[in-house]
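Comments concern the structure below.
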Amino acid sequence: MVSEPQPSQETASLVKRLAGPSTGKAGLAKDQEDINRVIADVSKGSKFYENEKKKDKELTKKIEHILQLRDELTKKSGVNLQKIEASVDQILLKLESERDLSQTIVHFDLDSFFASVEVLNDPTLAGKPFAVGHTVLSTASYEARKYGVRSGMATFIAKKLCPQLIMVSHGFSDYSEMSHKVMAICKRYDPQMCPAGCDEGYLNITAYCAEHDITADACVEHLRTAVFTETKLTVSAGIAPNTMLAKICSDKNKPNGQFHLPFESEAIKSFMRDLPIRRVPGIGRVSERLLESVGIKTCGDIYTYRATLSLMDKQFGLVHLLRTHLGIASNSVQPPQREERKSIGAERTFPPLGDKKKILEKLEEVCAELESDMEETQWTGRTITLKYKLDSFEVFTRAKSSNRWISKKEDLFAIGQELLLPELPLTIRLIGLRVTKLKDLRGPDPSTGIKRFFDNSSSSSSPNKKRKLSLSEVDEAAEHPSETEKLENIKPISYRKEKPDSKSRQSPLERETHTCPVCQKQVPTENDAFNAHLDACLSRGAIREAQAEASPSPKQAQGNILERWTKLAPSSKKKS
DNA sequence: GCGGATCAC
DNA sequence: TATGGTGATCCGC
């Protein structure tokens, strides 16, 4: 009957979750625990908090399920962990043999971009704790970060952490102009420069360094000096043999510094060994928790637990993690292509509404915005997805495909209503619409995929074409059409158990087999046959890899950020 | 094709 | 008092 006066009921994971995604990605403050405590206390009781709690609970359940599955798979009779480790080691050898150290990749990143521009506009801000944003912070000055203030944080929480915090509102047109200036400078070092948002990007400086007979370090010093003298903005950079490593390295000596990873396999592997898995692009808070639950905190731990990851390839993606462990990733840098766009949308948050008429007004506004964007960028599409967020912060989507091309606001609104009305009555705080199955109204010709493949293969500035394969290219890339055609082979085990002993325990007369660490099928253990199978399996994996890399890869969702700015603040700078 | 989830910026 | 917007991908169904 005695319940201790507990200061809090939160689990550690919930407290961490409430601190937000940007906490933990960069170096965390020493007193981060205290800061997280304050954040949780301030949040407590809100609908946002309750929703986070719910999601945290669901994740905890999922982890329990995964651990149970792991134990089943590990303890299943006939499973020989050492054998599995040995076959994973074969994959590692194979991947290592394909390591490419020939390209010099740079990731550059402007230091607290929005905040730095604001200081240029108002020098009295220099050295003060301030943040840019409205209800949610876009960025915080370094002084503010000392208090635990982070981008993505709600303003009222930031104020609690740092009562002196100065709030500054966005000056989008300035950001857009500065961004374009910086990008133009960086392009001098690689015309194929790939922006990754408004304040960062990737370069392949191999050719530049050769032509100017300078080292990579000197080249990047030169670049950073040029950016500073021409814009008064400081930039940090990472130099490495691929984009993933370069991105991680650009954080090493931030702000206003650069870091050059040695271009040697051993140095790279020792760099990876102690690297927290969360630092890897594409590993977010959820993946971090999932991996941690099986003992993996660092990229070195991937090797320690390779047998588990092999058995649970489906849950974790074995080959991608192995490549990460080795520090192997794409070294291809290319500017984004217009035809690669997959969707265009608009969404708006507002004080929760329950009244049908008012909700429809919001929908109509979103439709008008979207129409205007689609008109400006000359896209139309066939599939409409409605998104709404309840008062409780739960998010739902409803979609409908049409035979017609949709881009007018009347059509958007009609379909939006069709999707929304059956859901009502609800109390809603956000409405969004997104259009997919796009058609380009500028350069019509939806079948440019193949053409581009051949164009690029001859003229690309970067060799390892690890770039995303479009569906039409998959067949071209597949060496063994008969085996690689369908994805079914990629999906190995389901939750049911495959007949265990019958195959792995065969008489000595039969050829011995064991489970392929990639596809989980039974494969002859004999070397040639096993290697042949491995090759096929990895090349299938490479397709999935290439797709998985689209998230860590440079060419994510950058171009539109600039478009959005120019839309919100069409003042000083005309766009392209 | 649809809906939920995760991730980046 | 109070927690954003745009775009991509993957998985399960």
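Throughout, a chain's letter reflects where its sequence line sits, starting with A, and its residues are numbered from 1. Note that these values count all heavy atoms, side chains included, but never hydrogens, waters or copies made by symmetry.
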* **Atom-pair distance (CG on Leu433(A); P on dG5(C)), nearest Å** => 14 Å
* Select from Glu347(A) and Arg429(A) the residue whose nearest nucleotide in DNA chain C is closer to the 5' end of that strand. => Arg429(A)
* Rounded interatomic separation in angstrom, taking CG from Asp391(A) and P from dT1(C) -> 16 Å
Review item, side-chain donor-acceptor pairs of residues 158-166 of chain A, under 3.5 Å, at least two apart:
| unit_1 | atom_1 | unit_2 | atom_2 | d |
| --- | --- | --- | --- | --- |
| Lys159(A) | NZ | Leu165(A) | O | 3.3 |
| Gln164(A) | NE2 | Tyr147(A) | OH | 3.1 |

* Name the nucleic acid region contacted by Glu52(A), choosing base, sugar-phosphate or nothing; use a 4.0 angstrom heavy-atom cut-off, strictly under. => nothing
* Asked: What nucleotide among dC2(B), dT3(C), dA8(C) has an atom nearest to a side-chain atom of Thr383(A)?
  -> dC2(B)
* **Selected nucleotide, minimal atom distance to Ala399(A) side chain, candidates dA8(C), dA5(B), dC2(B)** => dC2(B)
* Sugar-phosphate, base or nothing in reach of Tyr49(A), heavy atoms under 4.0 Å -> nothing
* Structure fact -> Ranking dG3(B), dT6(B), dT3(C) by distance to the side chain of Ser287(A), first place goes to dT6(B)
* Asked: Donor-acceptor pair, Thr23(A) side chain versus Ala19(A) backbone, under 3.5 Å?
  -> yes
* Is Arg434(A) touching bases, backbone alone, or none of the nucleic acid, heavy atoms closer than 4.0 Å? -> base
* Side chain of Ser46(A): nearest nucleotide among dT3(C), dC2(B), dT6(C)? -> dT3(C)
* Asked: With a 4.0 Å cut-off on heavy atoms, is Arg289(A) in touch with a base, just the backbone sugar-phosphate, or nothing at all?
  -> nothing
* To do: Assign the ring pair His170(A) / Phe172(A) to parallel, tilted or perpendicular, where the plane angle (0 to 90°) is split at 30° and 60°.
  => parallel
* Asked: Just checking Lys55(A): base, sugar-phosphate only, or nothing, at a heavy-atom cut-off of under 4.0 Å?
  -> nothing
* Structure fact -> In whole angstroms, the gap separating P of dC7(B) from CZ of Arg285(A) amounts to 8 Å
* Asked: Would Lys53(A) and Glu10(A) pass as an ion pair if we require N to O under 4.0 Å?
  -> no
* So what does Lys247(A) hit on the nucleic acid, given a heavy-atom distance under 4.0 Å: a base, only sugar-phosphate, or nothing? -> sugar-phosphate
* Asked: Between dC9(B), dA8(C), dC2(B), which nucleotide gets closest to the side-chain atoms of Ser401(A)?
  -> dC2(B)
* Taking atom types as they are modelled, is there a donor-acceptor pair under 3.5 Å from the base of dT3(C) to the side chain of Ser43(A)? -> yes
* Calculate the interatomic distance between Leu438(A) atom CG and dT6(C) atom C1'; express it in whole Å. => 13 Å
* Considering residues at least two apart in sequence or located in another chain, which fulfil the salt bridge (charged side-chain N to carboxylate O under 4.0 Å, His left out) criterion with Asp391(A)? -> Lys47(A)
* Asked: Where the side chain of Arg348(A) is defined as all heavy atoms beyond and including C-beta, which of dG4(B), dG5(C), dC9(B) is the nearest nucleotide?
  -> dG5(C)
* What's the CG-P distance between Leu370(A) and dG5(C), to the nearest Å? -> 14 Å
* Structure fact -> Quick note, Ser343(A) side chain, CB onward, closest among dA5(B), dT3(C), dA8(C) is dA8(C)
* Map Lys62(A) and Leu419(A) onto DNA chain B by nearest heavy atom, then report which one ends up closer to the 5' terminus. => Leu419(A)
* Would you indicate what Ile157(A) reaches in the nucleic acid, counting non-hydrogen atoms under 4.0 angstrom: base, sugar-phosphate, or nothing? => base
